Amino acid sequence: MTLKTTLAAVALATTAMSPVLAQDEPLRLLVLDDMTGIYSGNGGPNTLRAVEMAVEDFGGEVLGRPIEVISADHQNKPDVGSALAQQFIDEQNVVAMTLGGSSAVGLAAQARAGEEGVITLVSGGYAPNFSGDQCTPYSFHWAPTTRELARGVAGAVVEQGGDSWYLITPDYVFGHALAADATAAVEAAGGSVVGETVHPLNTNDMASALLSAQGSGAKVFGLANAGTDLETTIKQAGNFGLSDHLAAMLVFANNVQALGLEQAQNIRMATSFYWDLNDETRAFGERIMEMNGGEVPTMGHAGAYSAVTHYLNAVREAGTVDADTVTATMKEMPLSDGFYQNASIRENGRVVYDMLLAEVNTPDESTGPADIYEIVATIPGDSLFLSAAESGCPLTADATN
Amino acid sequence: MMTVFGIALPVLAGQLLIGLFNGAFYALLSLGLAIIFGLLRIINFAHGALYMLGAFVAFLLGEWLGLPFWLLLVVAPLVVAAFAAVIERGLLTHLQGLDPLYGLLLTFGVALIVEGLAQYQFGVAGQNFSAPAALSGASNLGFMIMPHYRAFVIVVSLIVCLATWALIERTKLGALLRAATENRPLVEAFGVNVPLLLTATYAFGAFLAAFAGVMAAPVFQVSPLMGSNIVIVVFAVVVIGGMGSIGGAIVSGFLLGLAEGLTKVIYPEASNIVVFVIMAIVLFFRPSGLFGKTV
């Protein structure tokens, strides 16, 4: 290149690099979720709505910058998810992202974001690794993990006499985690696991797993799957007359609505959120149901709203978007949304709250299409969740170990 | 108690019956595919979408008009067959005589559009569709509890498959269809309206797919993804049976259902891929499939 061209290029580059006033560039939040696949019901488009609601309720801008919400569909593929996370961080300067859908994808994206100093708010990933061995300095885990979900249900069921379990597990990280936690929880309560069927993800016929379960003689069939696999299992268990053996560990409001109360009645599960619990949850629930045509919000949707609200509050309080400062602020500030009881955030990013033991209403008990659960017990969170030192997170592991 | 592969015989028998049930769907769907390919030389990738449409049309007609299941078994497939006839007349006839790849691409596109629209309208979570009251309930066969509906499906699919096979291989109409594939100008010279015959064949293949869809609705989730999940396996079944062999499609369908059922109880993690493993093995030894005519 000639000298003139070089000088012109350098001049252009420097003017282009001259700081675009920080005030002008919007603060971008990414909603990275399964928008169209098997987990799009418990997260997906309603998570996007929840995040947009949170931004709107916050006022739409922070530190003089407008807030922009972008969404992307990772299709439950880890390579797609981590590529999307990287792309949005590089090209759009995303400062924080909510993660949902398959845990395998969420973990991949969280790893990418952690290396880039981007805060991850895991509202829809239920594997314990998010706040455990794959935690980052900027990761927050709003969704309960397989451990809390399993322990919440298993203890109650074993106490009622269901002491021999057969597990039906989907063959991927979340499924195996849930099965392992369920086994630990059942054995801790004095029961035993007599067998397990591991099935491929997205199996449309669970009959053979159900038959194997029945053949084992177990009193309880522990369902360690989620989404459409769970719905298929519950529906077909009904066909085979095996409904009263079922204990489900990860059930969402959208699964219950899809199955209908007729098929899902009396199933017990643990959840972190129910829309009809108190005034704040009702306000959120009614607003989102008006927007989406009556789809009851799940704990994933509520978690996303809560997480983004807390993040924005922390940014405003800290006066900066610097990830280290905001992370520290988030861990100090109390949650303000009123969705959770006794909530706090631990050093490893784990959000701790009381869990709810819910039982699905029978069609007679239900007063309307959104009245799906009865909350039968509250499980105190402090003793339920692992401490930061025990979680396996390398950043907070016990110094004496 | 006798055990085979370490599994008690009664349990195995139960699992094989389940396999037969899944095999019924594979058989019906691969039959439709084989007919369409054998007679129209079109690789119908829209077959899964037609299966899904059958289930959805039955669901919607049941919701809006309250039609009983027995009526839906006939009406819903007729609706889908009409839609398929439109596609054939409007789009596929123009591909006659071209490389089958074009037919594959076109039907694949149709499938994507149909499934995308369904997903947009209904979301991904399944819709609820109940079996008719007369077929609900189950009987204790001693070694397993067999839902009546599943037994119904196996019996009806067998009847429909055999009737279709008889229609094509043993009747004059079937002979006409087979002749039209082999030598179209000659058949046209005899005064037979070949284009109409081909449209009717495509519509019939679609009817079979939709019929399978209606029967699947009470058991599997009626979801826009149900077609794409099953169509790949069905293609493998058709290839194993031999492209273009009607009888081969039926037999392989049921056999592979049994094979899959066996895998689900011995090593369930592999149940998704066992059909493809078998396909690879069969193609290695008999490239034209088990019953296909060597080309």
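In this text, all values refer to a predicted model and were calculated from it rather than measured experimentally.
Taking CG from D205(A) and CZ from F25(B), the interatomic distance works out to 8.5 Å, rounded to the nearest 0.5 Å. In this structure, CG on N22(B) lies 8.0 Å from OG on S208(A), to the nearest 0.5 angstrom. Atom OG1 of T197(A) sits about 13.0 Å away from atom OH of Y267(B), to the nearest 0.5 Å. The distance from atom OG of S212(A) to atom CD of Q15(B), rounded to the nearest 0.5 Å, is 4.0 Å. In this structure, CE on M206(A) lies 11.5 Å from CD1 on I18(B), to the nearest 0.5 angstrom.
Atom CZ of F152(B) has more than 12 heavy atoms from other residues, nucleotides or ligands within 6.0 Å. Counting non-hydrogen atoms of other residues, nucleotides and ligands closer than 6.0 Å to CD of E365(A) gives a total above 12.
Only the side chain of Q214(A) comes within contact range of chain B, with heavy atoms under 4.5 Å apart. When heavy atoms are compared at a cutoff of 4.5 Å, Q263(A) approaches chain B solely by way of its side chain, counted from C-beta outward. Interface remark: L201(A) contributes backbone atoms only to the contact with chain B (heavy atom separation under 4.5 Å).
Comparing T203(A), N239(A), L211(A), N42(A) by how many heavy-atom pairs each has under 4.5 Å with chain B, the most go to L211(A). Chain B forms more heavy-atom pairs under 4.5 Å with one residue of G215(A), G241(A), A207(A) than with any other, namely A207(A).
Taking every heavy atom of both residues into account, K235(A) and F220(B) meet most closely at NZ-O, 3.5 Å. The nearest pair of heavy atoms linking D171(A) to E269(B) is OD2-CG, 3.2 Å. Of all the heavy atoms in P200(A) and P268(B), the pair that sits closest is CD-O, 3.5 Å.
For the 3.5 Å distance criterion, the side chains of N204(A) and N229(B) fail to qualify, holding no donor opposite an acceptor.
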